[in-house]
Amino acid sequence: MAQSQAVNLSASSYYVPHFSCMRYLNYGAAVSEVEVNLLTGETTILQSDIIYDCGQSLNPAVDLGQIEGAFVQGIGFFMLEEYLTNSDGLVVTEGTWTYKIPTIDTIPKQFNVEILNTGHHKKRILSSKASGEPPLLLAVSVHCATRAAIREARKQLIRWKGLNESDSTFHLEVPATMPVVKKLCGLENVESYLQSLLS
């Protein structure tokens, strides 16, 4: 009936919040457990636990998907997505054949996310907070866990070789790709272990 009488049934509005309303802090925490294959440098994320402050979530299912998606995107940034440049500074990685993005086998085997509803905030739009991009930074927990695993592997290697503990310092680049992790773990791990058994 409305269509036949050319009546518009939609409504729209435009809201520009005060500048002080657009500035707020997002809070979140993540803990990740990884397993590093010393021979290949492959990092398997066994578990990640996240708690994230969404203010007063407008739609918990959407926020949950946004948090998980941003975290997986962060895994790509911190662990996989290496882009190579030529001598002119142009990117030479042109597709997923050479540019690795997260896949089903790179996400955490056990992935726990809890949304923290911090209640009513007078100066926020419907008391909500962003959940789309900020959780990306929580994926640094995977990088830190990988660094801790490499540190332990290097300590073991030092004990096998009978070296000084001061040789265990290293810097783990971002992204921590398989070749980088393998190199930092020590290519001669197996040989060192076998020699330690013989002595």
Side-chain angles (χ1 to χ4, degrees), residues 27-52 67-113 133-199:
Y27 299 97
V31 177
S32 294
E33 179 183 352
V34 302
E35 182 177 76
V36 173
N37 184 326
L38 302 180
L39 299 176
T40 65
E42 179 185 13
T43 301
T44 302
I45 307 169
L46 301 176
Q47 181 172 334
S48 289
D49 298 295
I50 300 171
I51 185 165
Y52 188 78
I67 294 165
E68 290 173 345
F71 187 82
V72 171
Q73 187 178 3
I75 290 171
F77 174 77
F78 286 108
M79 302 300 294
L80 302 167
E81 298 174 13
E82 179 181 35
Y83 65 93
L84 305 172
T85 56
N86 62 17
S87 59
D88 296 327
L90 299 173
V91 178
V92 295
T93 43
E94 55 196 34
T96 55
W97 188 255
T98 54
Y99 183 81
K100 302 301 177 198
I101 60 173
T103 58
I104 191 71
D105 62 333
T106 53
I107 65 172
K109 303 296 179 208
Q110 186 173 344
F111 200 1
N112 304 311
V113 179
E133 294 175 358
L136 181 145
L137 299 175
L138 297 178
V140 75
S141 64
V142 174
H143 189 268
C144 292
T146 303
R147 188 175 64 219
I150 292 169
R151 184 180 304 115
E152 290 305 312
R154 290 170 69 95
K155 282 182 183 177
Q156 184 65 53
L157 186 63
I158 287 169
R159 282 192 291 267
W160 289 338
K161 289 184 170 183
L163 299 175
N164 189 343
E165 282 284 330
S166 64
D167 296 331
S168 66
T169 59
F170 65 96
H171 176 71
L172 182 58
E173 298 287 334
V174 171
T177 59
M178 283 177 59
V180 170
V181 172
K182 178 180 177 179
K183 182 178 178 184
L184 288 174
C185 286
L187 298 175
E188 69 283 3
N189 276 316
V190 174
E191 291 83 359
S192 299
Y193 176 67
L194 292 174
Q195 286 176 359
S196 72
L197 291 178
L198 295 174
S199 58

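Nothing here was measured: the structure is a model prediction, and the numbers come from that model.
- In this structure, the separation between CD1 on I50 and CZ on F71 is 4.5 Å, given to the nearest 0.5 Å.
- Between I101 and E81, the closest side-chain pair of non-hydrogen atoms falls below 4.5 Å.
- Looking only at distances, no side-chain donor or acceptor of D88 sits under 3.5 Å from a matching main-chain atom of L90.
- Side-chain atoms of F111 and I45, non-hydrogen and from C-beta on, never get closer than 4.5 Å to each other.
- Put simply, CZ on R147 and CG on L172 are 7.0 Å apart, with the number rounded to the nearest 0.5 Å.
- In plain terms, the two heavy atoms of S48 and V142 that are nearest each other are OG-CG2, 4.3 Å.
- A pairwise comparison of heavy atoms in P102 and V72 identifies CG-O, 3.3 Å as the closest pair.
- Nearest approach of K182 to L38, heavy atoms of both residues: CG-O, 4.5 Å.
- One finds the OG1 atom of T106 at 8.0 Å from the NZ atom of K109 (value rounded to the nearest 0.5 Å).
- Heavy atoms of other residues, nucleotides or ligands lying less than 6.0 angstrom from CD of E133 number 12 at most.
- Looking only at side-chain heavy atoms (C-beta outward), F78 and T146 stay at 4.5 Å or farther from each other.
- Taking CG of L157 as the start and CD of E152 as the end, the distance is 12.5 Å to the nearest 0.5 Å.
- Across R154 and L184, no two heavy atoms sit closer than the pair NH1-O, 2.8 Å.
- Considering only heavy atoms from C-beta on, P108 comes within 4.5 Å of I75 through its side chain.
- Atoms CG and CD, on L136 and Q73 in that order, are 5.0 Å from each other to the nearest 0.5 Å.
- Rounding to the nearest 0.5 Å places CG of L80 at 10.0 Å from CE of M178.
- Residues C185 and V36 are in side-chain contact: their nearest non-hydrogen atoms beyond the backbone lie under 4.5 Å apart.
- The closest donor-acceptor contact from the side chain of H143 to the backbone of P175 lies at 3.5 Å or more, if one exists at all.
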Q. How far apart are the C-alpha atoms of D49 and I51, what are their side-chain angles, what is the distance that settles it, and do they pass the side chain to side chain contact (heavy atoms under 4.5 Å, CB included) test?
A. CA-CA 7 Å; D49 298 295; I51 185 165; over 6 Å; no
